[in-house]
Amino acid sequence: MLLNQFLVLGAALFAFGVYGLLVRRNVVLILLSVELMLNAVNINLIAFESYLVSAQAVGQVFAIFVITVAAAEVGIGLAIVLMIFRNRKSANVDDLSLMRW
Amino acid sequence: MTFSDWIAEPVNWVFAAIGLAVLFSGFRVVTSKNVVHAALYLVGALAGTAGLFLLMSAEFVAWVLVLVYIGAVIVLFLFGIMITRAPTGLDESLSSDQTAMPALLSAAVFVVMTWASIDAFGTELLATVGEATSTQVIGESLLGRFVIPFEVVSFVLLAALIGGITIARRDLTPVEEEERMSV
């Protein structure tokens with residue numbers, strides 16, 4: 001297998017994530033897009049590990065770190081979304097313009 | 001390496017099948033007009049990614065991905081969707097109407113990254129296809145060279161746990177507080 005087939009797939013997934021991040025209005029869906037981008041990063045890390053083959057499996061360890069931090073991010077993110085929904089009765093980012101000039 | 005050489009390897013058929021499934025699911029995650037469907041398509045994208053990890057002989061990370069993401073994170077997302085009472089049917093207002101610039105930007109991101117990786121790596125082959133990575137190596141690496149980052153990341157998780165509870169907790173109203181004190 002080529003290294004590039006995984007890198008291109010990761011780039012495509014990342015591009016989808018960027019698109020979703022910009023286009024979506026619902027905060028939960030924006031977080032979903034962020035997960036998609038983090039997932040693309042994981043594909044790249046594992047592909048480079050498989051290509052370079054370090055003695056200590058550095059790429060795989062980093063992928064585990066990314067997964068852990070993503071789990072923490074989702075936990076905090078959804079707590080914040082919950083709080084916003086409770087205060088403003090909406091999870092739509094267009095309604096959250098209180099701090100915009 | 002020509003395309004006919006590439007497609008002659010059976011492992012690449014598997015890659016093509018999983019890759020197309022991942023791309024389709026990823027596309028539906030960002031375009032689906034139903035919130036719950038978007039979250040469930042993310043399951044498809046993540047499961048496909050775990051399959052790709054298995055192809056690259058990263059078994060441990062593949063199963064961690066399945067357990068943590070599909071087992072926990074997606075459930076958390078579904079909870080989030082249900083709690084915020086997002087419209088669960090078809091909803092046109094989930095996405096903004098201005099799709100041209102985001103599409104252009106993400107296409108530019110894709111083209112630049114693809115061009116850079118093809119320019120840099122051309123037809124380089126992966127080295128570990130078909131071999132099993134010993135989980136022992138990952139364990140020794142996590143508790144050896146990467147023990148400090150490992151502890152830091154576990155602390156981050158703990159902080160996120162406490163932070164999540166603190167943020168999401170509802171403050172009691174004065175009446176409720178009085179009731180609690182009197183019990």
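For the numbers below, each heavy atom of this structure counts, side chains included, while hydrogens, waters and symmetry mates do not. Computed from a prediction, not measured in an experiment: that's the story for all the values here. Sequence lines set the chain letters: A, B, ... in the order given, protein chains first and strands last, and positions in each chain run from 1.
Taking all atoms of both residues into account, the shortest heavy-atom contact from B:Leu23 to A:Ala12 is CD2-CB, 3.6 Å.
B:Ile165 does not touch chain A: none of its heavy atoms, backbone or side chain, sits under 4.5 Å away. For B:Thr166, no part lies under 4.5 angstrom from a heavy atom of chain A. Heavy atoms of B:Ser32 lying under 4.5 Å from chain A belong to its backbone as well as its side chain. For A:Leu78, the part lying under 4.5 angstrom from a heavy atom of chain B is the side chain only. For a residue to count as touching a neighbouring chain, one of its non-hydrogen atoms must lie under 4.5 Å from one of that chain's; by this rule A:Ile30 does not touch chain B. For B:Phe79, no part sits under 4.5 Å from any heavy atom of chain A, backbone or side chain. In this structure, the portions of A:Leu32 lying under 4.5 Å from any heavy atom of chain B include both its backbone and its side chain. Heavy-atom distances place both the backbone and the side chain of A:Asn42 under 4.5 Å from chain B. Residue A:Glu73 does not touch chain B at all, counting heavy-atom pairs closer than 4.5 Å. Interface remark: B:Leu65 contributes backbone and side-chain atoms alike to the contact with chain A (heavy atom separation under 4.5 Å). At a 4.5 Å heavy-atom cutoff, the contact between A:Ala55 and chain B is made by backbone atoms alone. Neither the backbone nor the side chain of A:Ile84 comes within contact range of chain B; no heavy atoms are under 4.5 Å apart. Looking at B:Glu9, only its side chain comes within 4.5 Å of chain A, counting heavy atoms on both sides. Both the backbone and the side chain of B:Val22 come within contact range of chain A, with heavy atoms under 4.5 Å apart.
Chain B forms the most heavy-atom pairs under 4.5 Å with one residue out of A:Leu21, A:Leu13, A:Leu3, and that residue is A:Leu3. Of the listed residues (A:Gly17, A:Ala11, A:Gly20), the greatest number of heavy-atom pairs within a distance under 4.5 Å of chain B belongs to A:Ala11. Of the listed residues (B:Val64, B:Val68, B:Leu76, B:Val111), the greatest number of heavy-atom pairs within a distance under 4.5 Å of chain A belongs to B:Leu76. Chosen from A:Gly75, A:Ala47, A:Ala63, the residue pairing most often with chain B at heavy-atom distances under 4.5 Å is A:Ala47. The most heavy-atom pairs under 4.5 Å with chain B, out of A:Asn39, A:Val18, A:Leu82, come from A:Asn39. When B:Ala107, B:Ala108, B:Ser95, B:Gly164 are compared by the number of non-hydrogen pairs under 4.5 Å with chain A, B:Ser95 comes out ahead. Among B:Val73, B:Thr49, B:Leu158, B:Leu46, the residue making the largest number of heavy-atom pairs under 4.5 Å with chain A is B:Thr49. With chain A as the partner, the residue from B:Thr99, B:Val112, B:Val109, B:Val156 showing the most heavy-atom pairs under 4.5 Å is B:Thr99. Per-residue counts of heavy-atom pairs under 4.5 Å with chain B were compared for A:Val8, A:Ile67, A:Leu22; the largest is that of A:Ile67.
Distance CG/A:Leu36 to CG/A:Leu31: 12.5 Å, rounded to 0.5 Å. Note that CG of A:Leu7 is 10.5 Å distant from CD of B:Glu124, once rounded to the nearest 0.5 Å. If you take CG on B:Leu125 and CG on A:Asn4, they are separated by 10.5 Å, rounding to the nearest 0.5 Å. A distance of 12.5 Å separates CE of A:Met83 from CZ of A:Arg88, quoted to the nearest 0.5 Å. Here the straight-line distance linking atom CD of A:Gln5 with atom CG of B:Leu52 works out to 9.0 Å at 0.5 Å rounding.
Under the 6.0 Å cut-off for aromatic ring centres, A:Tyr51 and B:Phe121 qualify, their centroids lying closer than that. Checked against the 6.0 Å centroid threshold, A:Phe6 and B:Phe15 count as a close aromatic pair.
B:Ser106 contributes a side-chain N or O that, together with a main-chain N or O of B:Ala103, makes up a donor-acceptor pair within less than 3.5 Å. Between the A:Ser50 side chain and the A:Ile46 main chain, no donor and acceptor come within less than 3.5 Å of each other.
At least one side-chain heavy atom of B:Ile7 sits less than 4.5 Å from a side-chain heavy atom of B:Trp13.
No chain of hydrophobic side-chain contacts below 4.5 Å, direct or via other Ile, Leu, Val, Met, Phe, Trp or Tyr residues, connects B:Ile83 to B:Val75.
Classification of the B:Phe146-A:Phe65 ring pair by plane angle, with boundaries at 30° and 60°, yields perpendicular.
Under a cut-off of 6.0 angstrom, the local environment of CZ in B:Arg169 is sparse, with at most 12 non-hydrogen atoms contributed by other residues, nucleotides or ligands.
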